[in-house]
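All remarks here apply to the structure that follows.
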Amino acid sequence: MKRQLKLWDAIMLVMGSMIGSGIFIVSSDMMRQLGSGYWLAIVWILTAVATVAAAICYGELSSMYPKAGGQYTYLTEVFGKPIGFLYGWSLFTVIQTGTIAAVAVAFGKFTAYLIPQLNDAAPIFQRGEFKITWIQILAMGVILLLTYINTRGIKSGKSVQSFFTSAKIIALVLLIVGGLFLIKENHFSENMAYSWDAFQNLKGEGWMGISGGALMGALAAAMVGSVFSSVAWENVTFVSGEIVNPQRNVVRALVIGTSLVMLLYICCNYIYLSALSREEIAFATNDRVAIAAAEKMLGHTGTIAMAILVMISTFGCVNGLALSGARVFQTMAKDGLFLKQAIPNNKYDVPARSLWLQGIWASLLCLSGQYGNLLDMISFVIVIFYMITVLGVIIQRVRKPELERSYRTFLFPITPIIYLLIGSVFCVLLIIYKPQYTWPGFILVLLGLPVYFFARGNKKGD
């Protein structure tokens, strides 16, 4: 692999992969779960602390193993091929491809906001509950288009990434700054007045005070949204083999990118809490809380501008996910743990076959209509693997202290312990109070075990 990605490109990949559709939507459900601006802010701040802490820890591993594959490589080096494969298996089956599908469909839905005919058109095909709509076809088209662009070389992919990421960052900053001056009736004090009191109103039937176990379950469910909006920053590690001076630039991109995105997210939620009442946040049409806020500030013009912003955001996010994920599957193939057809690069020096395998599966998830159900447990599965990887930093300090590290985790061991504590509380609460978010994830990961042993058996047979 040629090292063609500079620090700026790596930062754009981190930020572009993180900022998709979540920040424009999830705060609505989070408010229904918690009913208080105070708790909403706490969940976002906790997510920000955990995200930046994990990114700081990944920096040390990236300096130790500066090659393609990123998190898959770290897990394989520290815990062995079975754990590395289970991560790669989860990444291909749902984490990466399911996220690509979900973000692409979000692009389609916000396009339909601008072009109502897409919403109103009859399904192309329908049998029972299964149907194929024009929004799904548009989502597939976006995935396949960006897959094709990325097969034309890393320069094509990084150009798209830099342009769309820069555009959505500028647009988010304008939303935040504009909101400070354009909000006519400020609801921030009203939304924060509930303090530590929490409420729930999942079906629009009135707010009910919650505490104890109900509050713990609501916090976990709310954090699913904030975590889902804040993942994919690790995608930059997948392309370490193509980054100039990866020992330094990967960690810089991780820390700078995640910190800036989480700051933008917290500021966006301040605008939501200022522009909208509790009910307006919780019950925004189709959970489009960002559009509801934009309408309050600029009327119908604001809703159009916000829909365009989300389209830009989701388009750039799909590109970042497509660009980086294929590198993991190529690395797995080289280890004999994925289809060997994914190994070679094309004449543009990119893993074209791996890109197409990823793009086709993500497109099929769009058509299945089931990606939404799969995404319910993505946050849980991702956090589990984040925790295992962060634990790997501590293990390698003990097991291999002599290994060269051009970067060492800031405030070690406090930083990894902070992430492990927040991640553990999040996962335990989900297991106890929201098992529907957890057991499908366990099953998905465990299904990878027979596939792993089958793959290993075939390799030995060869």
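Model, not experiment: these values are computed from the prediction.
One finds the CG atom of Leu444 at 5.0 Å from the OG atom of Ser90 (value rounded to the nearest 0.5 Å). To the nearest 0.5 Å, atoms CD1 (Ile135) and SG (Cys366) are separated by 11.5 Å. Rounding to the nearest 0.5 Å gives a distance of 13.0 Å between NZ of Lys155 and OG of Ser162. Taken to the nearest 0.5 Å, the CD1 atom of Ile83 stands 14.5 Å off from the CD atom of Glu77. Distance check, rounded to the nearest 0.5 Å: CG of Asp335 to CD of Gln330 gives 11.0 Å. Here the SG-CZ distance, from Cys317 to Phe164, works out to 12.5 Å after rounding to the nearest 0.5 Å.
Counting only heavy atoms from C-beta outward, the side chains of Tyr270 and Ile266 never approach each other to under 4.5 Å. Counting heavy atoms from C-beta on, the side chains of Gln358 and Gln96 come closer than 4.5 Å. Within the 4.5 Å cutoff, side-chain heavy atoms of Arg327 are placed close to those of Val350.
A donor and an acceptor atom, one from each side chain of Asp349 and Asn345, are located under 3.5 Å apart. Side-chain contact, Tyr65 with Glu60: no donor N or O sits under 3.5 Å from an acceptor N or O. For Ser63 and Gln247, the side-chain atoms include no donor-acceptor pair closer than 3.5 Å. A side-chain donor-acceptor contact under 3.5 Å links Gln71 and Tyr58. Residues Asn235 and Ser17 bring no donor and acceptor atom of their side chains to less than 3.5 Å of each other.
Checking side-chain atoms of Trp233 against main-chain N and O of Ala55 turns up no donor-acceptor pair under 3.5 Å. Side chain of Ser313 to backbone of Gly20: a donor-acceptor contact under 3.5 angstrom is found. Looking at Lys168, its side chain does come within 3.5 Å of a backbone N or O of Ile19 through a donor-acceptor pair. No donor-acceptor pair closer than 3.5 Å links the side chain of Glu242 to the backbone N or O of Ile154. Counting only distance, with no hydrogens or angles, the side chain of Ser21 and the backbone of Ala106 share no donor-acceptor pair below 3.5 Å. Of the possible polar contacts, none joining the Asn319 side chain to the Leu146 backbone as a donor-acceptor pair under 3.5 Å is found. In this structure, the side chain of Ser354 does not engage the main chain of Pro351 through any donor-acceptor pair within 3.5 Å. Looking at Asn346, its side chain does come within 3.5 Å of a backbone N or O of Thr151 through a donor-acceptor pair. Panel note: side chain Ser379, backbone Val224; a donor-acceptor pair is recorded below 3.5 Å. Although no hydrogens or angles enter the test, the distance criterion places no donor-acceptor pair under 3.5 Å between the side chain of Glu234 and the main chain of Gly70.
Residue-environment remark: CZ (Arg288) exceeds the threshold of 12 foreign heavy atoms within 6.0 Å. Within 6.0 Å of CZ in Arg248 there are 12 or fewer heavy atoms belonging to other residues, nucleotides or ligands. A 6.0 Å sphere centred on NZ of Lys6 holds no more than 12 heavy atoms belonging to other residues, nucleotides or ligands. Atom OH of Tyr38 sits in a crowded spot, with more than 12 heavy atoms from other residues, nucleotides or ligands closer than 6.0 Å. More than 12 non-hydrogen atoms from other residues, nucleotides or ligands lie less than 6.0 angstrom from OH of Tyr452.
The six-membered or imidazole ring of Tyr87 lies away from that of Tyr72, with a centre-to-centre distance of 6.0 Å or more. Under the 6.0 Å cut-off for aromatic ring centres, Phe329 and Trp361 do not qualify, their centroids lying 6.0 Å or more apart.
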Decide side-chain contact (heavy atoms from CB on, under 4.5 Å) for Val52 and Leu254; before the verdict, give the C-alpha distance in whole Å, the side-chain angles of both, and the deciding distance to 0.1 Å. CA-CA 8 Å; Val52 176; Leu254 283 168; over 6 Å; no

task: Dump the intermediate steps for side-chain contact (heavy atoms from CB on, under 4.5 Å) on Arg405 and Arg408, then the final yes or no.
output: CA-CA 6 Å; Arg405 295 164 170 83; Arg408 290 177 175 267; 4.0 Å; yes

Does Asn269 form a side-chain contact (heavy atoms from CB on, under 4.5 Å) with Ile23? I'd like the steps, not just the answer. CA-CA 8 Å; Asn269 278 277; Ile23 185 58; 3.7 Å; yes

TODO: Evaluate side-chain contact (heavy atoms from CB on, under 4.5 Å) for Ile382 paired with Val227, printing each intermediate quantity in order.
DONE: CA-CA 9 Å; Ile382 290 176; Val227 168; 5.7 Å; no

| Derivation of the salt bridge (charged side-chain N to carboxylate O under 4.0 Å, His left out) call for Arg32 and Asp29 | CA-CA 5 Å; Arg32 289 196 295 272; Asp29 181 65; 3.3 Å; yes

